[in-house]
J.: 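This is the structure, below, for whatever I ask next.
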Amino acid sequence: MTTYDSARAMATPRVTVDPSLPEEAKTFLRRLDPALLRSASTPAPDIAAPGLLRSAFRPLRKLAGLMLGTVALCPIFATLYSEVASLSYWVALRSLLWGCALFAVLGFWVVIALTNERMGGRHRSAQLLKESHGRYLGPAEFMPDAAMVLVRVQAATDSVLGSELQEQGLLDRDLNLTGLPAFEWEIAQALAAYSREVMSLPAWPAGEKAARVLDAGRAGLGRRLEGITDRVALLEQYAMLVTMAGISYREREQLRGLGNRDGAAEEVLAMMARDSEASVISDLDQALAAAREAGAALFPKQ
């Protein structure tokens, strides 16, 4: 079973994002829990960041409690200090109070600085989510049948982009890096539109005539899904050809390693490996040509 075949068993697709989004936004969206993302078809989320002092109120309250407790213990500390340092009680107490005041001022500004930094991160997250609205599609956007089709797209995409041939530059690397995410986004949009149409249909007909209309509507939507699925099958065929070419590539590399071995005892083994390498190279060339042809047909250059 290939990588993308096994991934088809997944029930939930990952979040699909518009390839034209900035990388910062893509990374941010993919780190979020898909179940917590609002549907891109709903109004944009209105997320207001809390004020600085309001955000700092809780840590400042803790700091104030710490300071009050310290002040309450100051007489004890002052007595001990005056005995050790031969200072008067009031001088020692005044020194401790000044120290506590300085600690309070420094603590206040540390809390404000940390809160400000934390708020900046939260505000940026809210800003990214709002700017990306309508340019991502979460799992809740899709009916189960559409979600499974999208899972197939994502599994085939991962299989191609994660292949050795892609890493070694034996495929059209740039075309895959741009074409596959664009294809996924295009298919996801079509599946989301299909899902919205299905969700908008009544669950039960109110009468015989309504039943005929609903049946015709469902049939039309079924044909639309079949058309989308046919395009996905072309992508899966491309991924399968890449997988088969990858097998030939690994066999060629193994035979090259065997053919380069030294030692009289291994001379026959090396000779057999070199003899077999030629036919494997021919198979690899044919497999690569078929994969490139399938990729060019799937993502025609503009």
Side-chain angles (χ1 to χ4, degrees), residues 3-4 6-49 117-144 146-169 171-196 228 231-232 234-236 238-239 242 295-296 298-302:
T3 302
Y4 67 89
S6 60
R8 283 174 58 175
M10 297 165 50
T12 305
R14 62 173 177 262
V15 176
T16 302
V17 299
D18 184 348
S20 62
L21 274 176
E23 285 302 320
E24 181 187 11
K26 292 180 187 177
T27 303
F28 168 72
L29 289 170
R30 286 168 178 154
R31 278 205 309 258
L32 297 178
D33 183 354
L36 300 179
L37 277 176
R38 284 194 179 189
S39 169
S41 61
T42 60
D46 186 13
I47 305 173
E117 182 181 355
R118 203 168 164 192
M119 278 181 58
R122 290 181 179 177
H123 180 70
R124 182 58 182 156
S125 297
Q127 185 181 12
L128 283 173
L129 187 59
K130 196 164 187 176
E131 290 175 354
S132 304
H133 181 71
R135 301 174 68 183
Y136 65 85
L137 291 165
E141 295 277 0
F142 306 101
M143 293 293 292
M148 284 305 305
V149 175
L150 184 57
V151 166
R152 291 167 56 184
V153 173
Q154 293 174 347
T157 297
D158 293 344
S159 177
V160 174
L161 293 181
S163 67
E164 289 179 282
L165 304 183
Q166 175 74 5
E167 293 176 2
Q168 298 298 327
L171 302 172
D172 194 330
R173 191 172 185 275
D174 294 334
L175 183 63
N176 285 334
L177 289 175
T178 56
L180 287 170
F183 183 84
E184 179 182 334
W185 177 241
E186 182 182 351
I187 293 295
Q189 288 179 298
L191 291 171
Y194 158 82
S195 298
R196 287 193 294 269
I228 299 172
R231 296 187 61 196
V232 174
L234 294 176
L235 173 62
E236 290 179 320
Y238 174 46
V242 171
L298 189 64
F299 315 122
K301 294 183 178 180
Q302 301 296 328

J.: Ignoring hydrogens, what is the shortest heavy-atom contact between Val151 and Thr12? Give both atom names and the distance.
T.: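 It is CG2-C, 3.9 Å.
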J.: Between CZ of Arg173 and CD of Gln168, what distance do you get to the nearest 0.5 Å?
T.: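 One finds 10.5 Å between CZ of Arg173 and CD of Gln168.
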J.: Distance-only, no hydrogens or angles: does the Thr27 side chain make a donor-acceptor pair with backbone N or O of Glu24 under 3.5 Å?
T.: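 No.
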J.: Side chains of Thr16 and Gln154, heavy atoms from C-beta outward: is any pair under 4.5 Å?
T.: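 Thr16 reaches Gln154 side chain to side chain.
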J.: Tyr136 and Trp185: which non-hydrogen atoms are nearest, and at how many Å?
T.: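 Taking Tyr136 first and Trp185 second, the nearest heavy atoms are N-CH2, 3.7 Å.
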J.: Does the pair Tyr238 and Leu171 meet the rule for a side chain to side chain contact (heavy atoms under 4.5 Å, CB included), with working shown?
T.: CA-CA 11 Å; Tyr238 174 46; Leu171 302 172; 4.3 Å; yes
J.: Is the backbone N or O of Thr157 less than 3.5 Å from a side-chain atom of Glu184, with the two atoms forming a donor-acceptor pair by type?
T.: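 Not at all, since once roles are kept as given, no pair shorter than 3.5 Å links the two residues.
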J.: In chain order, what residues pass the side chain to side chain contact (heavy atoms under 4.5 Å, CB included) check against Glu164, with sequence neighbours excluded?
T.: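 Side chain to side chain contact (heavy atoms under 4.5 Å, CB included) check on Glu164 returns Tyr249, Arg250.
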J.: As an exercise, state the distance from OG1 of Thr178 to CG of Asp172, rounded to the nearest 0.5 Å.
T.: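 With rounding to 0.5 Å, OG1 (Thr178) is 8.0 Å from CG (Asp172).
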J.: What I'd like to find out is whether the side chain of Phe142 reaches to under 4.5 Å of the side chain of Val149, using heavy atoms alone.
T.: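 No; the side chains remain at least 4.5 Å from each other.
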J.: Compare every heavy atom of Gln189 with every heavy atom of Leu137, then report the nearest pair and how far apart it is.
T.: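 For Leu137 and Gln189, the tightest heavy-atom pair comes out as CD1-N, 3.8 Å.
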J.: Between Gly138 and Val15, what is the shortest heavy-atom contact and its length?
T.: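 Of all heavy-atom pairs spanning Gly138 and Val15, the closest is CA-CG2, 4.5 Å.
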J.: Quick check against the 3.5 Å criterion: does Ser159 have a side-chain atom that pairs as donor or acceptor with the backbone of Ala155?
T.: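 No, the answer is negative, given that no donor and acceptor are paired below the 3.5 Å cut-off.
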J.: Looking only at non-hydrogen atoms, find the nearest pair between Pro139 and Pro13 and report the distance.
T.: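 Closest pair (atom of Pro139, atom of Pro13, distance): CG-O, 3.3 Å.
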J.: Of the non-hydrogen atoms in Pro19 and Lys26, which two are nearest, and what is the gap between them?
T.: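 Result for this residue pair: O-NZ, 2.7 Å.
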J.: First locate atom CD of Glu141, then atom CZ of Arg196, and finally report the distance between them rounded to the nearest 0.5 Å.
T.: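 Here the interatomic distance stands at 6.5 Å.
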J.: Atom CD1 in Ile228, atom OH in Tyr194: separation rounded to 0.5 Å?
T.: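 Those atoms lie 8.5 Å apart.
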J.: Atom CG in Leu177, atom CG in Leu175: separation rounded to 0.5 Å?
T.: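 It comes to 9.0 Å.
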J.: Please enumerate all residues that pass salt bridge (Lys or Arg N to Asp or Glu O under 4.0 Å) together with Arg231, with sequence neighbours excluded.
T.: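 If we apply the salt bridge (Lys or Arg N to Asp or Glu O under 4.0 Å) test to Arg231, skipping adjacent residues, the hits are Glu186.
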